[in-house]
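Shown next, in structure tokens, is the structure this report addresses.
Here the structure is a predicted model, which is why all the values come from computation and not from measurement. The analysis underlying the following values was restricted to heavy atoms, covering all of them including side chains, and did not include hydrogens, waters or symmetry mates.
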Amino acid sequence: MELDILKRLTLINRPLKMPQPVDGRKSLAVNRDGRKWKIRKVKELKGMVWHQELGWGSVEAVARYHTSKTSHLCKGGAESIAYSFAIRRNGQIVLCNDLKKATWSQGYKGRKGDENAEFLSVMFEGMFHGVHVTDSSAGEPNDKQIIAALTLWQVAKELWGWEENDLYGHYHMGKPACPGDTLQKVIDSIRVNYTEEKPTTYNFSLVKDRQQALIDLGFLKGNADGIWGPMSKGALIKCQSKLGLVADGVWGPKTASAINKSLQT
Ligand SMILES: [Zn+2]
């Protein structure tokens, strides 16, 4: 997944004349004795959260700090920087960690379960104006950073089959200053666009629900019996190819999202 994302970003960046993304996993500071991140299932990530550095250092400096013994994150420092991606001032996207590492404690009380496991965290280099940011050096994210972040968001959204309101700022999770007023406007505007009429979202957690969807769309005959056999799989393959998806008979997030849309029209 990591390399797929970098490859997609490279292709998009070329005509945009943006700096090519880099894999920082080998070059950023690590602490072998530091607190280990929990491991999560990459496919089950629910969205992306934007953060700001709240400083004028660099992704390298943040990595050195998070892994240092004096890090505020945890005693003895963390094993690596606490973000999945970072965006430099020149618009370069840096992959900071394996995505399976649940890197950041966001303290999100509104959501059950382990909030660390659920999101891709992205940090913008810089110190941006926002609630309680009193530092006189505070400025704004620049256009290249915003373009880079939106590109990363689009690529991830497509790969995971996320919707617009799966993009968050740290302010949603209890830190009003993060990622600052400007990025909050960007995030809010993306999320607002989503709130236009949203018809029923179908839940396909049961085999029966999946079969019923295929029946409703005319790809499967008979009743939903809850047993996923060759007939069901064959129907799904037909449905996938009709919807322009990879026809592999696997019910992944993209398939679910496309079937959801078809059911609504
Ligand atoms: Zn933050």
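Minimum heavy-atom separation, Trp37 to Ser80: NE1-OG, 2.8 Å. Among all heavy-atom pairs drawn from Gly91 and Ala148, the shortest one is O-CB, 3.2 Å. Taking each heavy atom of Ser232 and Ile227 in turn, the nearest pair found is OG-O, 3.8 Å. Looking at every heavy atom in both residues, Leu73 comes nearest to Arg35 through O-NH1, 4.5 Å. Here the closest heavy-atom approach between residue Arg40 and residue Ser84 is recorded as NH2-OG, 3.4 Å. Nearest heavy-atom pair across Leu217 and Cys239 is CD1-SG, 4.4 Å.
Taking the centre and axis of the six-membered ring of Tyr168, the NZ or CZ atom of Arg191 falls inside the cone set by 45° and 6.0 Å.
Each of Gln52, Glu140, Gln145 was checked for a side chain to side chain donor-acceptor pair (under 3.5 Å) with Thr182, and the lone residue meeting it is Glu140.
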Practice prompt. Show the numbers, then the answer: is there a side-chain contact (heavy atoms from CB on, under 4.5 Å) between Leu214 and Leu236?
Written response: CA-CA 7 Å; Leu214 292 167; Leu236 178 58; 4.2 Å; yes
Worksheet item: Should Arg210 and Trp228 be marked as a side-chain contact (heavy atoms from CB on, under 4.5 Å) after you check the CA-CA gap, both sets of side-chain angles, and the distance that decides it?
Response: CA-CA 9 Å; Arg210 299 178 181 192; Trp228 193 259; 4.0 Å; yes
Worksheet item: Yes or no on side-chain contact (heavy atoms from CB on, under 4.5 Å) for Trp153 and Leu120, after CA distance, side-chain angles and deciding distance?
Response: CA-CA 10 Å; Trp153 162 241; Leu120 268 189; over 6 Å; no
Worksheet item: Should Glu125 and Ser58 be marked as a side-chain contact (heavy atoms from CB on, under 4.5 Å) after you check the CA-CA gap, both sets of side-chain angles, and the distance that decides it?
Response: CA-CA 6 Å; Glu125 283 181 348; Ser58 61; 3.7 Å; yes
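Hydrophobic side-chain contacts under 4.5 Å tie Trp56 into a cluster, directly or through other members, with Leu54, Met127, Val133.
Taken to the nearest 0.5 Å, the CD atom of Glu163 stands 5.5 Å off from the OG atom of Ser257. Rounding to the nearest 0.5 Å gives a distance of 9.0 Å between NZ of Lys157 and CG of Asp166. Cys74 contributes atom SG, which lies 10.0 Å from atom CD of Glu79 (distance to the nearest 0.5 angstrom). Note that CZ of Phe85 and CD1 of Ile93 are 7.5 Å apart. Values are rounded to the nearest 0.5 Å. Summarising the geometry, atom CG belonging to Leu152 is positioned 9.5 Å from atom CG belonging to Leu95; distances are rounded to the nearest 0.5 Å. Taking CD1 of Ile187 as the start and NE2 of His172 as the end, the distance is 7.0 Å to the nearest 0.5 Å.
Between Met173 and Phe119 there is a side-chain heavy-atom pair separated by less than 4.5 Å. Residues Gln92 and Pro21 form no side-chain contact, since every pair of their non-hydrogen atoms from C-beta on lies 4.5 Å or further apart. Inter-residue side-chain proximity for His170 and Gln184 is flagged as unmet; no heavy-atom pair is nearer than 4.5 Å. Counting only heavy atoms from C-beta outward, the side chains of Leu220 and Lys238 never approach each other to under 4.5 Å. Counting heavy atoms from C-beta on, the side chains of Lys144 and Met18 come closer than 4.5 Å. Counting heavy atoms from C-beta outward, Val49 and Val122 have side chains that stay 4.5 Å or more apart. The side-chain heavy atoms of Val246 and Ser241, taken from C-beta on, include no pair separated by under 4.5 Å. Glu53 is not listed as a side-chain neighbour of Tyr83, based on a closest heavy-atom distance of 4.5 Å or more.
A donor-acceptor contact shorter than 3.5 Å is absent between the side chain of His51 and the backbone of Pro179. When atom types are taken as modelled, the side chain of Asp33 and the backbone of Gly77 share no donor-acceptor pair closer than 3.5 angstrom. The backbone N or O of Arg64 sits less than 3.5 Å from a side-chain atom of Thr67, completing a donor-acceptor pair. With hydrogens and angles ignored, the 3.5 Å screen pairs a side-chain donor or acceptor of Asp23 with a backbone N or O of Arg25. Proximity of a side-chain donor or acceptor of Trp160 to a complementary backbone N or O of Val42 within less than 3.5 Å is detected. Between the side chain of Asn142 and the backbone N or O of Asn90, no donor-acceptor pair lies under 3.5 Å. Side chain of Asn97 to main chain of Ala82: no donor-acceptor pair is present (N/O by atom type, distance under 3.5 Å, no hydrogens or angles). Side chain of Lys75 to main chain of Ser71: no donor-acceptor pair is present (N/O by atom type, distance under 3.5 Å, no hydrogens or angles). In this structure a side-chain-to-backbone donor-acceptor pair under 3.5 Å is present from Asn260 to Tyr202. Between the Asn203 side chain and the Ser205 main chain, a donor and an acceptor come within less than 3.5 Å of each other.
Using modelled atom types and a 3.5 Å distance limit, the side chains of Tyr65 and His72 yield a donor-acceptor pair. Using a 3.5 Å distance cut-off with no hydrogens or angles, the side chains of Asp188 and Tyr171 do pair a donor with an acceptor. A side-chain donor-acceptor contact under 3.5 Å links Thr255 and Gln240.
For Lys233, the NZ atom sits in a loose shell: 12 or fewer heavy atoms of surrounding residues, nucleotides or ligands are nearer than 6.0 Å. In Lys254, the NZ atom is crowded: over 12 heavy atoms of neighbouring residues, nucleotides or ligands sit closer than 6.0 Å.
There is a path of hydrophobic side-chain contacts, each under 4.5 Å, that joins Leu159 to Leu150. Linking ILVMFWY side-chain heavy atoms closer than 4.5 Å, directly or via other members, places Leu45 and Ile39 in two distinct hydrophobic clusters. Hydrophobic clustering, with ILVMFWY side chains joined whenever heavy atoms are under 4.5 angstrom apart, keeps Ile215 apart from Leu206. Hydrophobic clustering places Ile190 together with Val155 (ILVMFWY residues linked when any side-chain heavy atoms are closer than 4.5 Å, directly or through intermediates). Under a hydrophobic-cluster definition in which Ile, Leu, Val, Met, Phe, Trp and Tyr are linked whenever side-chain heavy atoms come within less than 4.5 Å, directly or via other members, Val30 and Val94 are assigned to different clusters.
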Output a table of donor-acceptor pairs, distance under 3.5 Å, between side-chain atoms of residues 2-12 and any protein atom two or more places apart or on a different chain; print 'none' if there are none.
unit_1, atom_1, unit_2, atom_2, d
Glu2, OE2, Leu99, N, 2.7
Asp4, OD1, Arg8, NE, 3.3
Arg8, NH1, Glu158, OE2, 3.3
Thr10, OG1, Leu6, O, 2.7

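Taking the six-membered ring where the residue is Trp, Phe124 and Phe128 present perpendicular rings, their angle passing 60° and hence far from 30°.
For Glu118 and Lys46, the salt-bridge test passes: some basic side-chain N is under 4.0 Å from an acidic carboxylate O.
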